[in-house]
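Just so you know, these numbers come straight off a predicted model, no measurement behind them. The figures here come from the full heavy-atom set of this structure, side chains too, leaving out hydrogens, waters and symmetry mates.
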Amino acid sequence: MTYIVNDNCIACKYTDCVEVCPVDCFYEGENMLVIHPDECIDCGVCEPECPADAIRPDTEPDMEKWVEFNRKYSIAWPVIITKKDPLPTADEMDGKEGKMDLFSEAPGEGG
């Protein structure tokens, strides 16, 4: 089992999760985070830290696409280990449906 970040993170990018991760397996895009599924040790400490409920175990139904999505972008984006402020749109976008249209493939700053 591994944990993944889904589209609930888009346009929010809360980073509470990276602060508790013992193996630094979060990677930062311009407007969301992902988890490298091969680096995640399945500890689960990140899941309850996410205010947007964007972190889920891969054992839930239909998570295969999110495992591959997280793998793809964790290879392309820089690692993030430091908590940062969420995006300015976070409160407004938290819980919104259909956020994949807002997804950016651009990397974040990392750090």
Report task. Go through the steps for K99 and C9 under the test side chain to side chain contact (heavy atoms under 4.5 Å, CB included), then give the verdict. Result -> CA-CA 9 Å; K99 294 199 294 183; C9 186; over 6 Å; no

Report task. Just do the side chain to side chain contact (heavy atoms under 4.5 Å, CB included) check on C46 and F26 with the steps written out, would you? Result -> CA-CA 10 Å; C46 59; F26 281 88; 3.7 Å; yes

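Remark: R56 CZ to T2 OG1 distance equals 13.5 Å, nearest 0.5 Å. In this structure, the separation between CG on D38 and CG on N70 is 11.0 Å, given to the nearest 0.5 Å. In this structure, OH in Y27 is found 9.0 Å from CD1 in I75, a value given to the nearest 0.5 Å. Atom CG of N8 and atom CD of E97 lie 8.0 Å apart (nearest 0.5 Å).
In terms of heavy atoms, C40 sits closest to I35 at CB-CG2, 3.8 Å. Closest heavy-atom contact between K13 and M32: CD-N, 3.5 Å. For the residue pair I41 and P22, the shortest heavy atom distance occurs at CD1-CG, 4.0 Å. When all heavy atoms of A11 and T89 are compared, the pair lying nearest together is O-OG1, 2.6 Å. The minimum heavy-atom distance linking E39 with D24 is given by the pair OE1-O, 4.0 Å. Between W77 and G29, the shortest heavy-atom distance links the atoms CE3-N, 3.1 Å.
The shortest side-chain heavy-atom distance between P37 and C25 does not fall under the 4.5 Å cut-off. By the 4.5 Å heavy-atom criterion applied to side chains, E47 and P57 are counted as neighbours. Within the 4.5 Å cutoff, no side-chain heavy atoms of I81 are placed close to those of V18. Two residues are said to be in side-chain contact when any heavy atoms from C-beta on lie closer than 4.5 Å; F69 and N6 fail this criterion. In this structure the side chain of I4 never reaches within 4.5 angstrom of the side chain of I55, judged on heavy atoms. At least one side-chain heavy atom of D16 sits less than 4.5 Å from a side-chain heavy atom of K83. Side chains of C17 and L33 form a contact here, defined as non-hydrogen atoms less than 4.5 Å apart. Within the 4.5 Å cutoff, no side-chain heavy atoms of Y3 are placed close to those of D58.
With hydrophobic clusters built from ILVMFWY side chains whose heavy atoms lie under 4.5 angstrom apart, V5 does not share a cluster with Y14.
D94 places no side-chain N or O within donor-acceptor distance of the main-chain N or O of A90, the cut-off being under 3.5 Å. In this structure a side-chain-to-backbone donor-acceptor pair under 3.5 Å is present from N31 to S104.
Taking the six-membered ring wherever Trp is involved, the centroid distance between the rings of F103 and Y73 falls below 6.0 Å.
Salt-bridge formation is detected for the pair E28/K84: a Lys NZ or Arg NE/NH1/NH2 atom is positioned less than 4.0 Å from an Asp or Glu carboxylate oxygen. Using a cut-off of 4.0 Å between Lys/Arg side-chain N and Asp/Glu carboxylate O, E68 and K65 are scored as not salt-bridged.
Applying the 6.0 Å contact sphere to NZ of K96 captures no more than 12 heavy atoms from other residues, nucleotides or ligands. In E60, the CD atom is crowded: over 12 heavy atoms of neighbouring residues, nucleotides or ligands sit closer than 6.0 Å.
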